[in-house]
Amino acid sequence: MTQAAAPFTSQLAASLAAGVEERLVRYAKVDTQSARGPRERSPSTPGQLDLSRLLVTELHALGLDDAALDGNGYVMATLPATVDAARDVVIGLVAHVDVSPDAPAEGVEPIVHRAYDGGILVLPRGGTVLDPATMPELAQKIGHDIVTSSGDTLLGADDKAGVAEIMTAIAHLAAHPELPRPTLRICFTPDEEIGEGATLFDIDAFGARCAYTLDGSEIGELQDETFTAAAVTFTITGVDVHPGFATGKLVNAATVASHLIAALPVDRLTPTTTSGKEGFIHVVEVRGEAGTATVELIVRDFDDDLLAQHVAFATDTAEQVVARFPGATLETHARAQYPNMKAHLDPFPEVVDKALAAIADEGLEPVRTSIRGGTDGSVLSARGLPTPNLFTGGHEYHSVREWASVQDMAAASAVVIHLAAQWATAD
Ligand SMILES: [Zn+2]
């Protein structure tokens with residue numbers, strides 16, 4: 001028996017579905033994986049420019065004549081207003097072209113599973129299955145057209161769903177000048193997944209009053225709060241001596257590092273044991289030998305004071321452990337990564353209010369949530385461009401199980417069109 005196709009959230013969404021699906025599938029095939037480690041240039045990988053150049057070409061074809069790629073790999077373009085200058089404001093739409101370095105991303109072959117029947121989706125490669133029993137969001141998408149990878153790579157809906165939704169909304173608005181819209185500025189950023197998406201973003205050139213990233217997940221969500229993030233690097237220097245002559249002399253830095261990690265809590269303050277608004281300390285990388293060892297931590301909280309406490313706690317723990325090994329020395333390097341956007345959005349309540357209204361205009365119940373992570377908007381908001389985050393309809397990001405609903409992507413694209421109308425017509 002075939003499953004009946006799910007209804008769309010609106011006629012508008014139904015008219016956008018083919019466009020978002022076709023774009024996501026096409027963009028997903030371009031390898032835009034970003035690379036961690038010190039960046040010699042922006043973007044960190046040349047593949048991102050392949051997609052960015054393609055987007056410039058497509059924006060030109062839609063009539064956005066100023067579309068261009070800047071020297072750091074950012075695509076910017078303008079869709080002019082249809083309201084008169086007295087009403088006009090400049091509103092930004094932002095998505096990132098890179099995909100996560102945390103899963104294979106070469107040779108992505110998207111598959112569209114039509115009218116999902118609610119069962120286990122078995123992907124052809126890598127033994128990958130999507131089981132609705134462990135994926136409650138998937139279980140709710142019966143009848144939807146579900147896009148996945150072929151099982152041995154990520155899909156890259158994070159954030160090519162967002163790119164496809166913005167491009168589809170812009171194509172619709174460009175073809176419908178009778179619809180009210182303010183000046184829309186579009187930016188497609190590189191290297192978001194390595195925390196650099198906003199660092200070289202030219203906010204002055206962008207010239208928007210506020211912006212919206214399309215980089216969220218479940219339909220209806222709007223996110224106006226993120227973690228505040230810090231990274232801490234502990235470098236332990238030991239005393240390296242040939243082990244055959246080491247009696248009373250050798251101090252093994254790798255051993256000291258293992259004691260340091262063992263001294264950090266496992267029953268609290270970890271990603272595994274926290275949820276909601278609770279922060280954590282997370283060991284992301286360990287490298288070591290007898291002479292020197294490095295432990296990299298990331299530290300997260302929604303509250304800046306608590307974040308500072310977690311950093312101090314980790315640092316105190318490291319100092320106490322290293323002090324138990326005379327001869328070993330510790331160097332600590334703590335740095336801020338991105339701030340919670342909430343404090344930077346609160347002075348501009350209309351930015352979130354208009355997004356909530358646009359979601360309601362699509363017939364959806366807006367769900368305001370916080371992100372246990374960061375977005376381009378975290379840094380952009382702190383740099384003076386208030387930028388909350390909208391849903392995309394993608395799920396299971398950074399994994400080979402990543403999937404997106406065409407119906408929900410179409411709804412996200414429709415919300416962008418409503419958002420333009422909100423800024424052009426509301427008081
Ligand atoms: Zn993303």
Side-chain angles (χ1 to χ4, degrees), residues 20 23-24 27-28 30-36 42-45 47-48 51-52 55 73-75 92-105 108 110 137 147-149 153-168 186-201 211-219 221-227 229 298 300 337-341 355 369-381 385 387-405 408-409 412-413 415-416:
V20 282
R23 288 185 175 91
L24 171 63
Y27 301 158
V30 184
D31 180 358
T32 62
Q33 188 173 51
S34 48
R36 288 209 183 81
S42 173
S44 60
T45 52
Q48 297 181 60
L51 180 54
S52 298
L55 293 169
Y74 291 68
V75 176
L93 299 167
V94 177
H96 62 91
V97 298
D98 67 315
V99 300
S100 171
D102 292 336
V108 175
E137 284 98 356
V147 189
T148 67
S149 75
T153 66
L154 49 66
L155 171 62
D158 178 9
D159 184 24
K160 290 165 181 170
V163 175
E165 288 154 10
I166 291 172
M167 290 295 287
T168 304
I186 296 119
C187 184
F188 297 123
T189 63
D191 283 345
E192 191 272 351
E193 297 290 359
I194 59 167
E196 301 284 0
T199 48
L200 296 171
F201 191 116
Y212 300 87
T213 49
L214 275 90
D215 195 14
S217 185
E218 178 63 3
I219 185 168
E221 280 179 350
L222 175 126
Q223 294 158 325
D224 61 350
E225 190 162 7
T226 58
F227 274 144
I298 60 169
R300 300 288 187 259
Q337 291 184 297
Y338 58 82
N340 186 341
M341 63 166 70
T369 59
S370 50
I371 315 172
R372 289 176 66 79
T375 66
D376 277 342
S378 309
V379 172
L380 292 176
S381 297
L385 181 66
T387 307
N389 188 36
L390 289 165
F391 72 92
T392 64
H395 295 269
E396 299 282 328
Y397 286 167
H398 304 190
S399 84
V400 295
R401 296 173 306 281
E402 193 183 4
W403 61 274
S405 151
D408 294 355
M409 288 195 294
S413 196
V415 165
V416 171

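Order of listing sets the numbers, starting from 1, for every ligand and every atom in it. What you see is a predicted model, and the numbers here were worked out from it, not measured in a lab.
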TODO: Please work out the angle at the Zn ion (ligand 1) defined by atom NE2 of His96 on one side and atom OD1 of Asp215 on the other, rounded to 10°.
DONE: 100°
- [ ] Answer yes if the side chains of His96 and Asp158 hold a donor-acceptor pair under 3.5 Å, and no otherwise.
- [x] yes
Task: Parallel, tilted or perpendicular, as decided by the 30° and 60° cut-offs, for the rings of Trp403 and His395 - done: parallel
Open item on the list: Has Glu402 got a side-chain atom pairing as donor or acceptor with Gly156's backbone, closer than 3.5 angstrom?
Closed with: yes
TODO: Could you confirm whether Glu193 has any N/O/S atom lying under 2.8 Å from the Zn ion (ligand 1)?
DONE: no
Open item on the list: If the test is side chain to side chain contact (heavy atoms under 4.5 Å, CB included), which one of Val99, Val97, Ile194 qualifies with Ser34?
Closed with: Ile194
Task: the Zn ion (ligand 1) - closest N/O/S atom in Asp158 - done: OD1
